[in-house]
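Only one structure is covered here, and it is reproduced in the block below.
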Protein chains: 2
Amino acid sequence: MLFTYSYSLLKMMRLLLLLLLCLPALAQEPDRHPSLLSRPADMVAVRKGLAQYPLLGKSYAAMQEIADQGLATPMDVPVPVDPAGGYTHEQHKRNYYAMQAAGLCYSISKDKKYAMFVRDMLLQYSRMIPGLKNHPQARGSSPGRLFHQALNDCNWLAYSIQGYDAVYETLTTEERKKIENGAFRPMCRFLTEDLKPWFNLVHNHGVWAVAAVGMTGYVLKDQDLVQKALLGTEKDGKGGFLAQMSTLFSPDGYYTEGPYYVRYALLPFFWFAQAIENNEPSQRIFEYRNQILKKAFYATLQLTNSDGKFYPLNDALKEKGWDTQELVSALAITFQRYGIDPSLRQLAVQQGRVLLNAGGVEVAKLVKTTTKEVTDFVRKSVLYSDGPEGKSGGLAILRSGAGDEQSSVVFKYTAHGLSHGHFDKLMLAFYDEGREILTDYGAARFLNVEPKFGGRYLPENDSFAMQTIAHNTVTVDEKPHFGGKEKAAEEESGELYFADINQPSAQIVSARANTAYSDVKLQRTLLLYRESAQDKPIVVDIFRVNAEKAHQYDLPFYYAGHLIETSFPYQPFLTSRQTLGKNNGYQHLWVEAEATPKTSPATLTWLNNSRFYSVTTATDSTARLFLTRIGANDPSFNLRPEPAMIVRQKWARGGSFLSVIEPHGQFDPTAETASGAQSAIAGLRLLHDSPEATIVEVAYRNGRKFRLAVANQDPDGQQSHQVRLSDGDFAWKGYYQIKNINK
Amino acid sequence: MLFTYSYSLLKMMRLLLLLLLCLPALAQEPDRHPSLLSRPADMVAVRKGLAQYPLLGKSYAAMQEIADQGLATPMDVPVPVDPAGGYTHEQHKRNYYAMQAAGLCYSISKDKKYAMFVRDMLLQYSRMIPGLKNHPQARGSSPGRLFHQALNDCNWLAYSIQGYDAVYETLTTEERKKIENGAFRPMCRFLTEDLKPWFNLVHNHGVWAVAAVGMTGYVLKDQDLVQKALLGTEKDGKGGFLAQMSTLFSPDGYYTEGPYYVRYALLPFFWFAQAIENNEPSQRIFEYRNQILKKAFYATLQLTNSDGKFYPLNDALKEKGWDTQELVSALAITFQRYGIDPSLRQLAVQQGRVLLNAGGVEVAKLVKTTTKEVTDFVRKSVLYSDGPEGKSGGLAILRSGAGDEQSSVVFKYTAHGLSHGHFDKLMLAFYDEGREILTDYGAARFLNVEPKFGGRYLPENDSFAMQTIAHNTVTVDEKPHFGGKEKAAEEESGELYFADINQPSAQIVSARANTAYSDVKLQRTLLLYRESAQDKPIVVDIFRVNAEKAHQYDLPFYYAGHLIETSFPYQPFLTSRQTLGKNNGYQHLWVEAEATPKTSPATLTWLNNSRFYSVTTATDSTARLFLTRIGANDPSFNLRPEPAMIVRQKWARGGSFLSVIEPHGQFDPTAETASGAQSAIAGLRLLHDSPEATIVEVAYRNGRKFRLAVANQDPDGQQSHQVRLSDGDFAWKGYYQIKNINK
């Protein structure tokens, strides 16, 4: 009995012991790491998928290479000194990539060496960070400490915290304390306190800031940080992640800064959302605003040209495409949270790598298992609204043709787009067969190229790239929209007048900018029209300016390619050149030739790769044409020497620019064949133009003709309109009508 | 008996009849058609291979498409009116392609419709050709009849005769008579009689002329035409095919007009040689001059950059590469006559089509059966001589690295290269990773683009592209080599001084041009040097000018890419621009900036795609630097606006330009990384420079240094040399020596 008793006691004690041992583990169970982009169970799936799905295996190998290179190199955590592109800048970038990579490698392989690497590096950072003042190269209102700007410090934090999270369980309490108190907390304090106003900004920088701090909050189990990240430092929802989600996107997912910066912002949006879902699923963050993140992701994909490059609206570098690392993360998380979309297989193949999480497994699986061509992602004609309520204008993309052959028109009547916005209301760009034809300059910047102004935005970004005259839209009296003032521009936006994009062979959109100038109202109507006998569509462009007084109007067509011919005589400036003007971007334009056309229309034809393109524009007695090239007043040769034809009109009481943009013919230097070098447009006439209506006629060389009537002031698209023309009345109902006049 | 007799008689008569019927057939047997690129037996192999080898099947399908399109379109043999690129020009081209294609389709399918098409079209030509006078757009000494120039008439003849040959046996005697007398004989008479001097020209036009007439001679069984084609109209061997074979190539296969035109000439060379072999094998034409055609073919392949494009020496369009149709024929015939070369599999894959003959079957077989990567074609360092005896200078190509990563230096000290030659003795071009880095302008021409001067060479080809200042070589006193006179230039050539290309890490070649100017002798020494610690080679460029009097020397470096920075201050011309000079190409150069460097060396860095490149040049007190851009005095915008840095020196008694060209760093806009934007060269000094010897020192930023000594007048490379330098004597034996000076 005693024996039994003692045995039972022993058993009880053992049980108790076991219970005691297990208790913390059980208590910790819901908190186990990793906890940000993946949970431990996800890592099991990743581990299992490595051998099954080549793309996953390849992605892990690439991550291992980054981590192993970090491990193989003497640890280097230098005191921050250099600007972007410089040594310490690049080294701290390498470090955070290496910590993220090593963390992932540890989570997957459980090889302790990776954990030790992250630990040692973070300990080094924890000794250095508390002593850091603002970076010596810091400028402006958001100085960094590890880097010249706080944005990069946020990048560091968002990557490094993933490394820490991954190896958390391998660390002693003492080590955790050192790292958290020496590195992560000071960094969060710096961002949320020293830079409080900036932290609360609704802007791509703000997204990075809240994501970095919020992810850190989850790992440090610091609800205060999480709340600040979600709701702003005052926890009132005026700043923070939810405010960013609510205001940066329009209801249909258009991001107000444009495609170049949404690419950049999508990463912290998706990372932090994923961290929220993994830690506080009750937030239902992926359902927020009717699945706004899903809409944002798909809108971002639609904002690429058929070669996968983002349309370079606002400040943008043209090299960026949908294969960028940010979209690799977004694709995987979209698959995990919103379901697998087989039409994105091509995108996954082009990205060539996946995120190492549960969503990435699905992406890699899709690439492997669907060997046959699935339906490709379709770039379609779209109308996006801008602004949190979709009431700040928008962006139209009209598309014709499929796949690599597609032609597209980009038409911008959005809000300003924050600090990276350009003064380019009603801007037009045209693309064909994956190539830029009528171009948008994008940004003047050589990203991270140290000798080019430290890799930052160049002075010519302000003095040229942002200016109205740098874009294919109208500049009045040589002055930019909104006087070139960001603040004024932020308060206004373009507005959609009407659109009809449902008939593939005749897609039309009309938009207005009534506030870009105090006494001139701008309205542009673009028709993407495919005549049945032509194998390519044309763009009919009616740019109407409404004004009571006399003004000078300049409408440039920046074209990509080599000038082939003009239909009009011009005076070339052969032995000396001058600039087109003195300010507002005009000082950067050389005038290469000038013309006063005697006959209308005037056509300029250029060659771009395998095709010819023409702009044909109707001219009247006030018209002058300038052939220009970018590059004057550019002492450091920061600008690309690109050509344009600028149409200048001086109208007493407004008027309409009427132009047709057109791909034609073919050039094959290998086969030595050239055909259709001449524009297919024989005539272009403004038959009627008044504040009420504009009617134009386009005639092809093959004898076909059509007329387009636009009601300039139809309140609801339901009104009847009638205009007396020399050959009879033109009557229609609604916003517009197209009439074929074929004999 | 009677019965038997009559039976026997009947039998005999039958036999006789059979014999009579067979006799012509038997007699014709050795003459059966096709007889040019293939013999009937070859067509059996082609037919058999169609299903076996996908590339062959694909090539036949493409040929069928051309033929079927011809058949499907109303026959159109218009009276010749238009210049190159115009309607009738393109239509007659389409016609000859269609006839060749239909002929091939008939030979393979035996479908009579193809034969009827060729017959009907040739009958139409036979009615039109006798009445043709010179083409209304004809210019100069070689007018055409069907086309503006006789060269195109030769193309027509060479293609059409293949169509005729293929369907010959389907035609009645009457039809043959009409076609031969109406189309082929008048065309041959026109070429051999009206254009006799031109027909006998040794030149790419001449090759086309003799090939067309010679092939026609074989089909028409006209030995007189064949003899004229082989030996010239006087049958004395001064003109004709054998003279072309003997004089246009150097003994090692370099074609004197350069790679762009050898590409063009190889087609008639190989076609006609093939026709000779098929009709008169006793000529052993493929053995001629130690297999000169084989050497020519391989030399042509070596004259491509790693992206497969031909180096654009002399008049050349840059789009042309080794996948051009001419090389498709040459490859197949090379395989048939000289054996199969598996290292050319990659070329065949890139060409994507084969000639439909026995050689083409072998090419298609190689592509199919060797599924694993065979050894790729190796582009190696080569020294080609120029001139029939190899005594008219030559061309050096120095190469470092393999495959897509390869860097190459092109150094030209050839003969003038006939009428398409440029005045560019000792010209340098540099390529890296498949891209142009230091460029040669090539030709000013938009081939077949009618609005651009009828698709012909543009006026700016003479006024700029051919001029010395348009090239990376020295112009003295703003005057071109040989006074810009072709006749004078034809009589002279550059000469190789010495070369040593056997050590991959230090390849050197030195050449002279002593006759380009009456009182200045030019010598350039190029060293392609790979320092063991650097991952890319540099080019050390010593350009010595020997003169007794004072002159001005201009050495341009035309670079491809965007200027990143200069090590020297300069005066930019911000608001107005002038030209560098008034004549000899100088009138086409805008001066964008000017500098008088105070310190030496001067470095200019640019970005090209994923890498930075620098030219570093040692300057002295007489040096001025100009940053220029092509485009002044170009009223029709015919020139490409490309930049250059021009080094100008004014030396009393000659001197040496010393420069280093260097790839460095990396730029990855997708990963947003940039490194090594700064040149790796820290110092560049001319330690000694005299008519006898030049010694230079190159110092890297990493502390390494080396010196290169060149004996400027060593007669045999066996002499001992010694020069006293400030830090001791430099002694060496032979043409040159490199000494590392690493601490």
Side-chain angles (χ1 to χ4, degrees), chain A residues 84-85 87 90 93-94 317-321 323-325 446-452 455 562-566 570-579 582 587 590 592-593 605 607 612 627 629 631-638 640-641 643 665 667-675 677-678, chain B residues 84-85 87 90 93-94 317-321 323-325 446-452 455 562-566 570 572-579 582 587 590 592-593 605-607 612 627 629 631-638 640-641 643 665 667-675 677-678:
Chain A
Y87 178 74
E90 294 301 322
K93 274 174 73 177
R94 271 190 291 274
L317 301 186
K318 298 193 177 185
E319 303 95 341
K320 289 286 180 186
D323 57 347
T324 186
Q325 56 171 344
F446 290 82
L447 186 63
N448 285 332
V449 177
E450 206 279 328
K452 283 292 192 198
H562 196 113
L563 192 152
I564 293 297
E565 69 172 340
T566 65
Y570 52 77
Q571 186 206 342
F573 297 103
L574 299 177
T575 56
S576 91
R577 267 184 195 173
Q578 310 293 330
T579 65
K582 300 214 173 295
Q587 74 276 23
W590 293 113
E592 298 196 322
T605 299
L607 177 65
F612 299 96
L627 303 186
R629 191 172 294 274
N633 277 294
D634 179 18
S636 302
F637 298 94
N638 287 336
R640 299 188 303 269
F667 177 62
D668 182 343
T670 302
E672 302 193 358
T673 56
S675 63
Q678 200 180 33
Chain B
Y87 178 72
E90 294 301 322
K93 274 174 72 176
R94 272 190 290 275
L317 301 186
K318 298 194 179 186
E319 303 96 341
K320 289 285 180 184
D323 57 348
T324 186
Q325 55 171 344
F446 290 83
L447 187 62
N448 285 332
V449 177
E450 205 278 330
K452 282 292 192 198
H562 197 111
L563 191 151
I564 293 297
E565 69 171 339
T566 65
Y570 52 77
F573 296 104
L574 299 177
T575 56
S576 90
R577 266 184 194 172
Q578 309 293 330
T579 64
K582 300 214 173 296
Q587 74 277 23
W590 293 114
E592 298 196 322
T605 299
W606 68 97
L607 176 65
F612 299 96
L627 304 186
R629 193 172 293 276
N633 277 293
D634 178 20
S636 302
F637 299 95
N638 287 336
R640 301 188 302 270
F667 178 62
D668 182 343
T670 302
E672 302 193 357
T673 56
S675 63
Q678 199 181 35

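Computed from heavy atoms alone, side chains included, the values below leave out hydrogens, waters and symmetry copies. Order of the sequence lines fixes the chain letters, A, B, ..., with proteins taken first and strands second; residue numbering starts at 1 for each chain.
- For A:Leu447, the parts lying under 4.5 angstrom from a heavy atom of chain B are both the backbone and the side chain.
- Proximity to chain B (any heavy atom under 4.5 Å) is shown, for A:Tyr87, by neither the backbone nor the side chain.
- Between B:Ser675 atom OG and A:Glu450 atom CD the span is 12.5 Å, to the nearest 0.5 Å.
- Of the listed residues (A:Tyr570, A:Phe612, A:Trp590), the one with the most heavy-atom contacts under 4.5 Å to chain B is A:Trp590.
- With respect to chain B, the highest number of heavy-atom pairs below 4.5 Å among A:Ala677, A:Pro635, A:Ala632, A:Pro572 belongs to A:Pro635.
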Next on the checklist: Before you tell me yes or no, could you show the steps for A:Asn448 and B:Phe667 under side-chain contact (heavy atoms from CB on, under 4.5 Å), namely the whole-Å CA-CA distance, both residues' side-chain angles and the distance that decides it to 0.1 Å?
Outcome noted: CA-CA 9 Å; A:Asn448 285 332; B:Phe667 178 62; 5.6 Å; no
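- Closest approach of A:Pro641 to B:Arg629, counting heavy atoms only: CG-NH1, 3.6 Å.
- Between B:Glu592 and A:Arg577, no side-chain nitrogen of the basic residue sits less than 4.0 Å from a carboxylate oxygen of the acidic one, so the salt-bridge criterion is not met.
- In this structure a side-chain-to-backbone donor-acceptor pair under 3.5 Å is missing from A:Lys93 to B:Thr673.
- With a 4.5 angstrom heavy-atom cutoff, A:Asp634 touches chain B only via backbone atoms.
- Residue contact with chain A, scored on non-hydrogen atoms closer than 4.5 Å, involves the side chain of B:Glu90 exclusively.
- Ranked by non-hydrogen atom pairs under 4.5 Å with chain A, the options B:Thr324, B:Thr575, B:Thr605 are led by B:Thr575.
- When B:Arg94, B:Lys320, B:Glu565 are compared by the number of non-hydrogen pairs under 4.5 Å with chain A, B:Lys320 comes out ahead.
- Residues passing the side-chain hydrogen bond (donor to acceptor under 3.5 Å, both in side chains) test with A:Glu319, sequence neighbours excluded: none.
- Taking chain A as the reference chain and counting heavy-atom pairs below 4.5 Å, the highest number among B:Leu627, B:Leu607, B:Leu317, B:Asn633 is found for B:Asn633.
- Checked against side-chain hydrogen bond (donor to acceptor under 3.5 Å, both in side chains), B:Asn638 has the following partners two or more places apart in sequence or in another chain: B:Lys452, B:Glu460.
- A:His562 contributes a side-chain N or O that, together with a main-chain N or O of B:Phe637, makes up a donor-acceptor pair within less than 3.5 Å.
- For the atom pair CD1 (A:Ile564) and CZ (B:Phe446), the distance works out to 5.0 Å, reported to the nearest 0.5 Å.
- From A:Gln587, atom CD reaches atom CG of B:Leu574 across 11.0 Å, with rounding to the nearest 0.5 Å.
- Within the 4.5 angstrom heavy-atom criterion, atoms from both the backbone and the side chain of A:Gln578 approach chain B.
- Top candidate by heavy-atom pairs under 4.5 Å with chain B, chosen from A:Thr579, A:Leu563, A:Asp323, is A:Leu563.
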